Amino acid sequence: MDQSKAIGGSMKRLGRRVAFTTALVVATSLVATGCAAGGQSGSRHTLYDDLDSLARDSSTIVVGSVRDQRQETSAGFSSTISTVEVTNSPANPSLGSNLDSGAVPVAVGEMIQVRQDGPEPSVLQSGQEYLLYLTPSMLSGEESTHFFITGAVAGAYVRNGDDFTRVAVDSGDQLPETISIAGTEG
């Protein structure tokens, strides 16, 4: 009888350990995945804690409006390409310092292509104005001139009156919720 009680107690402790370990693994994977507004989710290599660190990983910063969007699928992989008309190109002394290509100048009036890859809907919406921290696509051919938003969603701010507000406030980054850019008042 004492042996069966000992085995029963061991089984209960083992069950609690398995349940605790399972809960820990689930919690860790949820934290590592991170969620962003608009259904954007996924893990990233770098989380940003200030605008200078975001600028160091960006080749350009632009203010512009999304004029058009299209979907492309290649080898079963979906992309949203937004055509953005640049209305301002703010400077930052740290711009591109972490990139081999450095800063890439973009002129006011230029139409640029901003890519968002994956099955989730684009965080950019047609007709909206954005402040965007961008990184070169490093793709080949015509797509070599395209940009990605730095940090997937971290470098996207939408016009909200005279300011720009983060598109994805729960991306895990510690960036300002609102930015004001001189000369871009709405």
Side-chain angles (χ1 to χ4, degrees), residues 34 36-38 40 42-70 72 79-118 120 122-169 171-186:
Q40 298 292 323
S43 62
R44 297 194 337 246
H45 180 267
T46 303
L47 294 177
Y48 296 96
D49 58 4
D50 62 34
L51 294 175
D52 284 337
S53 64
L54 190 62
R56 282 190 289 276
D57 285 352
S58 302
S59 62
T60 193
I61 304 169
V62 300
V63 174
S65 296
V66 176
R67 297 296 182 210
D68 188 37
Q69 287 185 312
R70 67 185 186 280
E72 288 184 2
S79 299
T80 301
I81 293 91
S82 300
T83 301
V84 176
E85 181 178 5
V86 177
T87 57
N88 194 342
S89 189
N92 182 306
S94 300
L95 194 60
S97 62
N98 285 348
L99 303 176
D100 291 338
S101 61
V104 175
V106 175
V108 171
E110 194 171 336
M111 299 291 239
I112 61 170
Q113 306 298 306
V114 178
R115 300 180 69 87
Q116 291 181 269
D117 293 341
E120 287 92 12
S122 173
V123 297
L124 304 181
Q125 301 300 313
S126 192
Q128 292 289 317
E129 186 176 21
Y130 295 91
L131 167 66
L132 300 171
Y133 287 74
L134 300 172
T135 307
S137 71
M138 294 192 262
L139 298 171
S140 60
E142 180 184 316
E143 295 170 342
S144 67
T145 62
H146 293 190
F147 293 92
F148 286 112
I149 298 169
T150 305
V153 293
Y157 285 75
V158 65
R159 165 77 72 187
N160 187 5
D162 287 342
D163 299 320
F164 292 90
T165 306
R166 282 182 64 194
V167 170
V169 295
S171 64
D173 301 284
Q174 300 299 313
L175 295 167
E177 300 297 317
T178 303
I179 299 176
S180 296
I181 304 290
T184 64
E185 291 76 23

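Everything numeric here is computed off the predicted structure, so don't read it as measured data. Numbering starts at 1 and runs along the sequence shown.
Across all non-hydrogen atoms, the minimal contact from S122 to S82 is OG-OG, 4.3 Å. What you find for Q128 and V158 is that their closest heavy atoms are OE1-CG2, 3.5 Å. Closest heavy-atom contact between A168 and S171: O-OG, 3.4 Å.
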Take V167 and Y130 through the side chain to side chain contact (heavy atoms under 4.5 Å, CB included) test and state the conclusion after the steps.
CA-CA 9 Å; V167 170; Y130 295 91; 4.1 Å; yes
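Distance check: L139 CG to H146 NE2 gives 8.0 Å after rounding to the nearest 0.5 Å. One distance of note links OG of S53 with OH of Y133; it measures 9.5 Å at 0.5 Å rounding. Distance check: I181 CD1 to D163 CG gives 9.5 Å after rounding to the nearest 0.5 Å. Expressed to the nearest 0.5 Å, how far CG of L95 lies from OG of S89 amounts to 8.0 Å. The distance from atom CZ of F164 to atom CG of L132, rounded to the nearest 0.5 Å, is 9.0 Å.
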Using distance only, find each side-chain donor-acceptor pair of residues 55-66 under 3.5 Å and give its atom names and separation, not counting sequence neighbours.
| unit_1 | atom_1 | unit_2 | atom_2 | d |
| --- | --- | --- | --- | --- |
| D57 | OD1 | N98 | ND2 | 2.8 |
| D57 | OD2 | Y48 | OH | 2.7 |
| S58 | OG | L54 | O | 2.7 |
| S58 | OG | T150 | OG1 | 2.8 |
| S59 | OG | L134 | O | 3.4 |
| T60 | OG1 | V104 | O | 3.3 |

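In this structure Q113 satisfies the side chain to side chain donor-acceptor pair (under 3.5 Å) test together with R70, T83, sequence neighbours excluded. Residues forming a side-chain contact (heavy atoms from CB on, under 4.5 Å) with S101 (at least two apart in sequence, or on another chain): L99, P136.
Counting non-hydrogen atoms of neighbouring residues, nucleotides and ligands closer than 6.0 angstrom, the CE atom of M111 exceeds 12 such neighbours. Open room surrounds CD on E142; 12 or fewer heavy atoms of other groups in view lie less than 6.0 Å from it. Taking a 6.0 Å sphere around CD of Q174, one finds it holds 12 or fewer heavy atoms contributed by other residues, nucleotides or ligands.
A side-chain hydrogen bond (donor to acceptor under 3.5 Å, both in side chains) with S79 is found for exactly one of E143, E72, R115, namely R115. The side-chain contact (heavy atoms from CB on, under 4.5 Å) test with R166 is passed by exactly one of I179, D173, T178: D173.
Neither side chain, Q69 nor S126, offers a donor N or O lying under 3.5 Å from an acceptor on the other.
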